[in-house]
Number of protein chains: 2
Amino acid sequence: MALGKDYATQQCSIARALEVVGERWTLLVVRDAIYGVRRYNDFLTHLGIPRAVLSARLKTLTEEGILEKRRYQEAPPRDEYVVTDRGIALWPALRALAVWGHEQLMDHRLRHLRHVECGTELAPNGECPSCGTSVPVADVLLMPGTGLDPDPADPVSRALLKPKRLLEPIETGQS
Amino acid sequence: MALGKDYATQQCSIARALEVVGERWTLLVVRDAIYGVRRYNDFLTHLGIPRAVLSARLKTLTEEGILEKRRYQEAPPRDEYVVTDRGIALWPALRALAVWGHEQLMDHRLRHLRHVECGTELAPNGECPSCGTSVPVADVLLMPGTGLDPDPADPVSRALLKPKRLLEPIETGQS
DNA sequence: ACGCGTTGGTTCATTCACTGAACTCTCAGT
DNA sequence: ACTGAGAGTTCAGTGAATGAACCAACGCGT
């Protein structure tokens, strides 16, 4: 969003947050990172984002401490982008947006979130109704719902057709 | 944000939500509407947003059913924009963003949220710790915190220096 | 040794959205 | 008739997003 000079005027933590994650595509990159996407090409094909924009977003998200660029092999040099605690802390905001988008704008549940310990579906506030506790992001199981394309083109969407834990790296299995 | 054609590709309620409220300024307009701002000039001066952009945002938010345009006097014709239930439903997402912005990016609390019934400060998840229930938006008391400019230029910021309930219309007292 | 494929980028022309300033319109009050 | 407030619209200039093309480092098969 880059409210730029307006940030000083705004005196508001929402404006401050949007200053960092409010630009086009940014929250979707963070969502993917929490889903377990780590590699440039996976972000690229899953989001359908222009390369130049993806590079810019990964750069600012890394600079803001929301992602961490990490070398995962030396020859040839390959980096991956791993979501940090600061990025994981965005999960409640993303979940709230998903709840709103689903309730207000859509007709079926595309994905379900379950507590990996007990299998219970999470309440809208992110807590586990049967355990009565808030569930850490790493203990959330992401399940496919109805209305998903059964045969998507990109490998990330294909991987997400199976239940998986959040944060767990996605196996695109194409190399 | 207007992800445009990408919405069909995305199959995600977060993307769908950002399609509607992800554009620059949009969430700040909704925030102001929940704070009780209703009039064009108040949005304008409080946000420091260009007039053309404000007009565009009010138009799409009205079309999406997040704000409702309402005639409040006939001569001269004057309209105000009142947040609807669909807009109020964005409150958890806005609160989550505010929590993140405050925790990760700022040093002091600019505003506090209290339960109007009992005066208790709300937990990060939006519930009242002493009542143990989730607090309806209309029962949230917005309190000024430390680090706020004590003598802001615009009338909305001045009105927000006093505690007030969310949704309650802001009295700018300038007419 | 040569070309091919993969990954992770950069560059660039075009299009699109945002910005700020100026202008418009309607009406009230004096 | 003049002034002023509220709620916009119009428009030229700027900056960001887009999509396609290009680049580079390396691994591998032959």
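Letters A, B, ... are given to chains in the order of the sequence lines, protein chains preceding strands, and every chain is numbered from 1. Keep in mind the model is a prediction, meaning the values are calculated, not measured.
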For the pair made of [atom1] in [X] and [atom2] in [N], what is the distance, rounded to whole Å?
X     : N      : atom1 : atom2 : answer
B:I49 : C:dA17 : CD1   : P     : 16 Å
B:L44 : D:dA7  : CG    : C1'   : 10 Å
A:D79 : C:dT10 : CG    : P     : 12 Å
A:E80 : C:dT7  : CD    : C1'   : 13 Å
B:H46 : D:dG6  : NE2   : P     : 17 Å

Nearest-nucleotide 5' precedence on DNA chain D, A:P50 against B:K69: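 The residue whose closest nucleotide sits nearer the 5' end is B:K69.
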
Side chains of [X] and [Y]: closer than 4.5 Å at any heavy-atom pair?
X      : Y      : result
A:V37  : A:Y81  : no
A:R158 : A:I170 : no
A:H46  : A:S157 : yes

Counting just side-chain N and O atoms, does [X] come under 4.0 Å of either OP1 or OP2 of [N]?
X     : N      : answer
A:Y81 : C:dG9  : yes
B:Y72 : D:dA7  : yes
A:R24 : D:dT18 : yes
B:W25 : C:dA17 : no

Distance-only donor-acceptor hits, side chain of residues 63-73 of chain B, under 3.5 Å, sequence neighbours excluded:
unit_1: B:E63; atom_1: OE2; unit_2: B:K59; atom_2: NZ; d: 3.1
unit_1: B:R71; atom_1: NE; unit_2: B:D79; atom_2: OD1; d: 2.7
unit_1: B:Y72; atom_1: OH; unit_2: B:R39; atom_2: NE; d: 3.3
unit_1: B:Y72; atom_1: OH; unit_2: B:R39; atom_2: NH2; d: 3.4
unit_1: B:Q73; atom_1: NE2; unit_2: B:P76; atom_2: O; d: 3.3

Distance-only criterion, 3.5 Å: show the donor-acceptor pairs between side-chain atoms of residues 108-117 of chain A and protein atoms not counting sequence neighbours.
unit_1: A:R109; atom_1: NH2; unit_2: A:E121; atom_2: OE2; d: 3.1
unit_1: A:H112; atom_1: ND1; unit_2: A:E121; atom_2: OE1; d: 3.3
unit_1: A:H112; atom_1: ND1; unit_2: A:E121; atom_2: OE2; d: 3.0
unit_1: A:R114; atom_1: NH1; unit_2: A:G119; atom_2: O; d: 3.1

Sugar-phosphate, base or nothing in reach of A:F43, heavy atoms under 4.0 Å: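 Here A:F43 touches no strand at all.
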
Within residues 80-108 of chain B or reaching into it, pairs that qualify as salt bridge (charged side-chain N to carboxylate O under 4.0 Å, His left out) - sequence neighbours excluded: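 Found B:R38-B:E80.
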
Give the table of side-chain donor-acceptor pairs shorter than 3.5 Å for residues 123-142 of chain A, with sequence neighbours excluded, one pair per line with atom names and distance.
unit_1: A:N125; atom_1: OD1; unit_2: A:E127; atom_2: N; d: 2.9
unit_1: A:S130; atom_1: OG; unit_2: A:T120; atom_2: OG1; d: 2.9
unit_1: A:D139; atom_1: OD1; unit_2: A:R165; atom_2: NH1; d: 3.4

Members of residues 53-63 of chain A that approach DNA chain D, where some heavy atom sits under 4.0 Å away: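 The answer is A:V53, A:R57.
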
From D:dA7, C:dT7, C:dG9, nucleotide with atom closest to B:N41 side chain: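 Among D:dA7, C:dT7, C:dG9, the one nearest the side chain of B:N41 is D:dA7.
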
Over all atoms of both residues, closest heavy-atom pair of A:P163 and A:M143: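 Taking every non-hydrogen atom into account, CB-SD, 3.7 Å.
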
Audit row: A:Y40, A:S55, side chain to side chain contact (heavy atoms under 4.5 Å, CB included) steps and yes/no: CA-CA 8 Å; A:Y40 190 92; A:S55 297; 3.0 Å; yes

Per-nucleotide protein contact string for nucleotides 20-29 of chain D, where B marks a base within reach and S marks sugar-phosphate only (heavy atoms under 4.0 Å, - for neither): -B----SS--

